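See below for the structure under consideration.
Bear in mind the structure is a predicted one, so any value in this text is a computation, not a measurement. Lettering of chains follows the sequences in order, A, B, ..., and the numbering in each one begins at 1. Only heavy atoms go into these numbers, but all of them, side chains included; no hydrogens, no water, no symmetry mates.
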Amino acid sequence: MSDAPSPDPVSTDPGTSSTLPDRLDKVVLAVPGVDELYSAAPLVAAVVKTVIATTVEAVTGEQKSNSSVSVDEKKAGLEIAVKIGVNAPYTAIDVSRRVHDAITDQLEQNGNPDVAEIAVSVARID
Amino acid sequence: MTSSDALAGHTFEELSDYLDRDRTPADPSIEGSPECQTALNGMQRLRSVHRDLLLKDAQRESEREDSWVSSILQHISLEARAGRDIPISHSSPTARLSVTEGAVRGILRAAGDSVPNIIVGRCHLDGDVTEPGAPITVRVDATVLEGEIIASLADQLREALYAALRQHTELAVEAIDITIRDLYQPFVPPAKASSDE
């Protein structure tokens, strides 16, 4: 049995500067039919988060994560929330399922943590 | 529109002004809100398809208290609110997939705008859309070009709405009720004076 600690699924990945939410942002945006990724947090909180991230980066040069996908660690496992816009002629049904499956694949590559819920909300269809 | 009706803190008038300014300078609180984007797209579509009618209606708005254009624009904005979550099925027990009621009303309006000579006003989903398989009735108000055959246009609209719902939702649609609330007159451009005169 290995003594190596299992990777923390949410924190920064060793060797890269990206966190799991950052990586999930990229994974979701790469799904065909996703044309917009909105903050899964309420809008006011999202705007405040963006302002803080921009200010910290300007003052310290340190890059703050400004991911749209929300990842919460709960007792039962990770709770992941995504809010997307879908580009017709793709269908909301197919795209939301593909987004869910793409997140599952990414989590498997990230140590396969326990997952309590993956919520994908289609908030706009164009 | 009251402040409680505002989308992401923005009133209908603010969104309309933002559109007038060609969405510049970009406002993150509007561009980052799917509800605002749905409302802006609906308003933009109505403006581009019915620009002449909008001008005509605006000119006589002072003579009519029940301007149908004002009413439609108000509905676009009100109905873009996220509303209820409409579930989408998935085999995984941890999946919770949904499409918002606001997004569905947006596609209903877009589908309606694809049918010529009919303009969709109010869209409403009656029934428990949050419960998979629950029977739903869609109620739509519309305005039709004077002289058109109303029954035929209503059939075309109903077919377009069914197709949009089938494409993007798993709703069990029992009926689509369409009420024609008003007729609009064809726009006749004013005769230009000849430049030779």
Side-chain angles (χ1 to χ4, degrees), chain A residues 33-51 53-54 66 68 74 76-105 107-108 113-126, chain B residues 6-10 26-42 44-45 79-111 113-114 130 132 163-171:
Chain A
V34 174
D35 79 338
E36 190 90 47
L37 179 57
Y38 299 102
S39 175
L43 188 65
V44 174
V47 171
V48 169
K49 188 179 168 190
T50 304
V51 170
T54 308
N66 190 28
S68 298
K74 296 285 171 78
L78 297 183
E79 285 187 1
I80 296 171
V82 183
K83 195 189 280 190
I84 55 171
V86 166
N87 181 18
Y90 291 95
T91 77
I93 297 170
D94 289 344
V95 175
S96 60
R97 286 177 183 156
R98 282 196 207 115
V99 166
H100 170 276
D101 297 346
I103 290 172
T104 305
D105 289 348
L107 291 175
E108 279 172 11
D114 287 338
V115 174
E117 180 178 274
I118 299 175
V120 181
S121 170
V122 178
R124 185 177 62 81
I125 304 165
D126 261 346
Chain B
L7 286 173
H10 294 280
D27 183 335
S29 68
I30 294 178
E31 298 297 342
S33 159
E35 294 83 13
C36 287
Q37 298 222 320
T38 297
L40 287 173
N41 290 346
Q44 200 155 25
R45 215 169 36 241
E79 291 171 4
R81 285 177 298 173
R84 297 171 286 181
D85 283 337
I86 301 171
I88 292 172
S89 62
H90 193 286
S91 54
S92 167
T94 58
R96 188 165 62 83
L97 313 185
S98 62
V99 54
T100 66
E101 193 174 7
V104 170
R105 284 190 296 237
I107 55 152
L108 289 177
R109 193 172 292 286
D113 288 346
S114 70
T130 64
L165 288 167
R166 271 197 303 268
Q167 189 181 5
H168 293 289
T169 77
E170 296 176 321
L171 288 171

**Q.** Contacting moiety of B/L97, where chain A heavy atoms sit under 4.5 Å
**A.** both
Q) Looking only at heavy atoms, which two atoms of B/G32 and A/Y38 are closest? And how far apart? A) O-CD2, 3.4 Å
Q) At what distance, to the nearest 0.5 angstrom, does CD of B/Q167 lie from CG of A/D94? A) 9.0 Å
(Q) Please enumerate all residues that pass salt bridge (charged side-chain N to carboxylate O under 4.0 Å, His left out) together with A/R97, with sequence neighbours excluded. (A) B/E170
Q. Non-hydrogen atoms of chain B under 4.5 Å away: do they reach the side chain of A/E79, the backbone, both or neither?
A. neither
Q) Considering all heavy atoms of both residues, which atom of B/T100 and which atom of A/S121 are nearest to each other, and what is their separation? A) CG2-OG, 3.7 Å
Q. Heavy-atom distance under 4.5 Å to chain A: side chain of B/S92, backbone, both or neither?
A. side chain
Q) What residue in B/V104, B/I86, B/I107 has the most heavy-atom pairs under 4.5 Å with chain A? A) B/I107
Q: Under the side-chain hydrogen bond (donor to acceptor under 3.5 Å, both in side chains) rule, collect the residues that match up with B/S98, sequence neighbours excluded.
A: none
Q. Taking all atoms of both residues into account, what is the closest heavy-atom pair of B/V99 and A/I125, and its distance?
A. CG2-CD1, 4.0 Å
Q) For B/A110, is it the side chain, the backbone, both, or neither that has a heavy atom closer than 4.5 Å to a heavy atom of chain A? A) neither
(Q) With chain B as the partner, which of A/V82, A/I93, A/T91, A/T104 has the greatest number of non-hydrogen pairs under 4.5 Å? (A) A/I93
Q.
Ignoring hydrogens, what is the shortest heavy-atom contact between A/A123 and B/T38? Give both atom names and the distance.
A. O-OG1, 4.2 Å
Q: Heavy-atom pairs under 4.5 Å with chain B are the metric here; pick the option from A/A119, A/G77, A/P89 that has the most.
A: A/A119
Q. Taking atom CG of A/D101 and atom NE2 of B/H90, what is their separation to the nearest 0.5 Å?
A. 4.0 Å
(Q) Which one wins on heavy-atom pair count under 4.5 Å against chain A: B/T94, B/D85, B/N41? (A) B/T94
Q | Pairwise distance OG(B/S33) to CZ(A/R124) - rounded to 0.5 angstrom | A | 10.0 Å
Q) Which answer fits A/A116, side chain, backbone, both or neither, if we ask what part of it has an atom under 4.5 Å from a heavy atom of chain B? A) backbone
